[in-house]
Amino acid sequence: MTNRWKSIGLAAMLAALMLSASYAEAAGVLTIGRREDSTTFDPIKTAQNIDNWVFSNVYDVLIRVDKTGTKLEPGLAESWTVSDDGLTYTLKIRDTKFSDGSPLTAEDAAFSLLRIRDDPASLWSDSYKVIDTAVATDAHTLTIKLKNPSAPFLSTLALPNASVISKKGMESLGAEAYGEKPIASGAFVVDEWRRGDRVILKKNPNFWEADRVKLDGVEWISVPDDNTRMLNVQAGELDAAIFVPFSRVEELKKDPNLNVDINASTREDHLLINHAHGALGKKEVRQALDLAIDKKAIVDTVTFGQGTVANSYIPKGALYYYADNLQRPYDPAKAKEMLAAAGASDLTLNYVVRAGDEVDEQTAVLVQQQLQKAGITANLQKVDPSQEWDMLVAGDYDISVNYWTNDILDPDQKTTFVLGHDSNNNYLTNYKNEAVKELVAKARLELDPKKREEMYVNLQRMAKDDVNWIDLYYSPYINVSRKSIENFHQNPLGRFFLEDTVKN
């Protein structure tokens, strides 16, 4: 054999080795199908699950919520103490590094907390205004002093949006660049973000629990159409997918190659109402809308029995949930009378719907038909899921179904966000009630559990009376994965524990 053919043979052999190596690498990469693409990796600038569920494994928090979603456990803070007067929190920070190899210190933790409190772009500032000072006493000691005792404070430290970011990295890169490709403090680092397609994560070797992480990487792939996403998992083109349509659960369970995971959740679906739009600003009109919607029919038709009718913005089973809260009956005739009395007969509404979301589309058709019986015309505007959020933020809608999952154990976070502050127009609704806002602030400070529970019962009653939005149903998380995937677990607050996931 001539040297020429030896060279060709050697090149072919090397190519084969390289190809097999790439296959080996791919075997350790988990591919997950989801609807929407991410919007940012700057944690203070988003309130969307599509962001939080991804960067919960890119960033780490000081204190975590465990897998059961019921208790707190150490994160980047390996321990903490609280002074007798409830004003001083001292946290011991682990000896660890960011993904770029720089040390992660108490100064970074202090910077992150003060940024979520003070940055004008923060959607979460109200929950952190209770912080008076946050100071790095030394490299591994964070001392936080509060303006007054706060019942939910430890829980708020576990919010994904309060994740620890690099002070030096943020100051040198700037918020925009950091939000595109952050310096990680969690199990994975953002290797590439292909807008509109996928987020590619790679294992972070500097993560303090790197030995726990079995995967080489994770790809979150945007597949907006529910049916296509399920077919991709069945065909083995995706390892897993989230947001399984209720209608597909039984069929997918019969596929011997798949696991269908139904996990307890804090999810509540609701109909957002834009109070800033004409007649929708009248409480009586919103009450009429509530009467005009048959929630039980939606649960039976759309969720295939997986859901239960909701009667509060606080999900069933969560802290201070009020089981006896008002649940208006389905009464389109009464709704029609109320609309006439309020001068809102022949009401026409712009109903924004997520295209390709099977459940959202089915719900929209049902709600449209139900509202018609009360004399209300709902014009359905189907939009791309990535476009929908921008429209809701801009207030370019009258009604639209959305959902919320709790991010912390305490009800303060959701209550503040949807009832008690103005920075996000009370979760896109423009709802305003100063008495409610004042009670939200008081409930945050009340340390007596019985008094605090009474406050949250009253808040649930007041929200229902005002119809800040229309509660529809509670439902579990439903995900699907190939049999080769183990420990694809989501806790009730929505966090995926991908550091424990295995791809065989």
Side-chain angles (χ1 to χ4, degrees), residues 35 226 243 245-247 267-275 277-313 326-339 342 344-385 388-389 391-392 395-404 418 427-429 431 463-464 466-475:
R35 287 195 191 111
D226 286 341
F243 299 121
F246 296 111
S247 64
R267 175 167 175 155
E268 185 232 358
D269 283 65
H270 45 261
L271 184 75
L272 293 172
I273 302 173
N274 190 344
H275 298 216
H277 280 192
L280 296 178
K282 296 181 179 181
K283 179 167 70 173
E284 295 77 14
V285 171
R286 299 193 301 272
Q287 290 175 341
L289 283 175
D290 197 10
L291 287 167
I293 296 176
D294 187 348
K295 292 86 171 175
K296 183 66 166 57
I298 293 173
V299 167
D300 292 343
T301 305
V302 175
T303 79
F304 289 75
Q306 294 287 350
T308 57
V309 174
N311 66 333
S312 170
Y313 73 90
L326 173 67
Q327 188 170 303
R328 291 185 178 88
Y330 173 54
D331 192 340
K334 176 73 177 297
K336 200 167 189 176
E337 290 176 11
M338 290 183 68
L339 289 170
S345 295
D346 301 319
L347 186 64
T348 299
L349 301 174
N350 174 37
Y351 185 164
V352 173
V353 184
R354 286 186 299 278
D357 181 336
E358 179 181 302
V359 172
D360 204 45
E361 291 187 355
Q362 289 176 343
T363 302
V365 171
L366 274 176
V367 170
Q368 183 187 47
Q369 293 170 349
Q370 292 168 3
L371 292 179
Q372 185 63 51
K373 293 178 181 179
I376 302 167
T377 300
N379 294 321
L380 306 187
Q381 182 182 2
K382 292 186 180 182
V383 300
D384 184 86
E388 180 222 20
W389 180 254
M391 292 179 67
L392 297 181
D396 188 15
Y397 81 102
D398 291 326
I399 58 175
S400 183
V401 169
N402 211 300
Y403 77 97
W404 179 288
V418 305
Y427 201 62
L428 318 170
T429 62
Y431 168 62
K464 180 65 71 173
D466 283 342
V467 194
N468 68 301
W469 62 33
I470 295 175
D471 303 304
L472 296 178
Y473 60 86
Y474 307 124
S475 64

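Looking at heavy atoms from C-beta onward, Val367 lies out of side-chain contact with Leu472 at the 4.5 angstrom threshold. Using a 4.5 Å heavy-atom threshold, the side chains of Val352 and Glu388 count as touching. Side chains of Trp469 and Leu428 form no contact here, defined as non-hydrogen atoms less than 4.5 Å apart. The shortest distance between side-chain heavy atoms of Val467 and Leu289 does not fall below 4.5 Å. Side-chain contact between Pro329 and Leu291 is present, with at least one heavy-atom pair separated by less than 4.5 Å. Residues Met391 and Tyr397 form no side-chain contact, since every pair of their non-hydrogen atoms from C-beta on lies 4.5 Å or further apart. Residues Leu326 and Asn311 fail the side-chain proximity criterion, which asks for heavy atoms closer than 4.5 Å. Counting only heavy atoms from C-beta outward, the side chains of Val401 and Tyr351 approach each other to under 4.5 Å.
Note that CG of Leu271 is 8.0 Å distant from CG of Leu371, once rounded to the nearest 0.5 Å. Between the CG atom of Leu339 and the CD1 atom of Ile376 there is a distance of 4.5 Å, given to the nearest 0.5 Å. Atom CD in Gln362 sits 10.0 Å away from atom OG1 in Thr303 (nearest 0.5 Å). The distance from atom CG of Leu349 to atom CG of Asn379, rounded to the nearest 0.5 Å, is 8.5 Å. With rounding to the nearest 0.5 Å, the separation of CD in Gln306 from OG in Ser247 is 11.0 Å. For the atom pair CG of Asn402 and CG of Asp360, the computed distance is 8.5 Å after rounding to the nearest 0.5 Å.
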Audit row: Arg354, Val383, side-chain contact (heavy atoms from CB on, under 4.5 Å) steps and yes/no = CA-CA 5 Å; Arg354 286 186 299 278; Val383 300; 5.8 Å; no

inquiry  = Let's go through Asp331 and Lys334 carefully: what are the C-alpha distance in whole Å and the side-chain angles of both, what is the deciding distance for salt bridge (charged side-chain N to carboxylate O under 4.0 Å, His left out) to 0.1 Å, and is it a yes or a no?
reply    = CA-CA 5 Å; Asp331 192 340; Lys334 176 73 177 297; 5.8 Å; no

task = Quick one: do Phe246 and Ser475 satisfy side-chain contact (heavy atoms from CB on, under 4.5 Å)? Show the steps, please.
result = CA-CA 10 Å; Phe246 296 111; Ser475 64; 3.9 Å; yes

task = Run the numbers on Lys283 and Asp290 for salt bridge (charged side-chain N to carboxylate O under 4.0 Å, His left out), then give the verdict.
result = CA-CA 11 Å; Lys283 179 167 70 173; Asp290 197 10; over 6 Å; no

key: Residue pair Lys464, Asp471: steps toward the salt bridge (charged side-chain N to carboxylate O under 4.0 Å, His left out) verdict   = CA-CA 9 Å; Lys464 180 65 71 173; Asp471 303 304; 2.8 Å; yes

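Listed for the Arg286 side chain is a donor-acceptor partner under 3.5 Å among the backbone atoms of Leu280. At distances below 3.5 Å, at least one donor-acceptor pair connects side-chain atoms of Asp398 with backbone N or O atoms of Asn350. Side-chain atoms of Asp226 do not come within 3.5 Å of backbone N or O of Pro245 as any donor-acceptor pair. Between the Gln370 side chain and the Asp294 main chain, a donor and an acceptor come within less than 3.5 Å of each other. Here the side chain of Glu361 pairs a donor or acceptor atom with the backbone of Gly356 at under 3.5 angstrom. Side-chain N or O atoms of Arg328 include none that pairs as donor or acceptor with a backbone N or O of Ile293 at under 3.5 Å. Distance alone, capped at 3.5 Å, places no donor-acceptor pair between the His277 side chain and the Ile399 backbone.
For Lys296, the side-chain hydrogen bond (donor to acceptor under 3.5 Å, both in side chains) partners two or more places apart in sequence, or in a different chain, are Asp300. In this structure Tyr313 satisfies the side-chain hydrogen bond (donor to acceptor under 3.5 Å, both in side chains) test together with Thr415, sequence neighbours excluded.
Between His270 and Tyr427, the ring-plane angle classifies as perpendicular under the 30° and 60° cut-offs.
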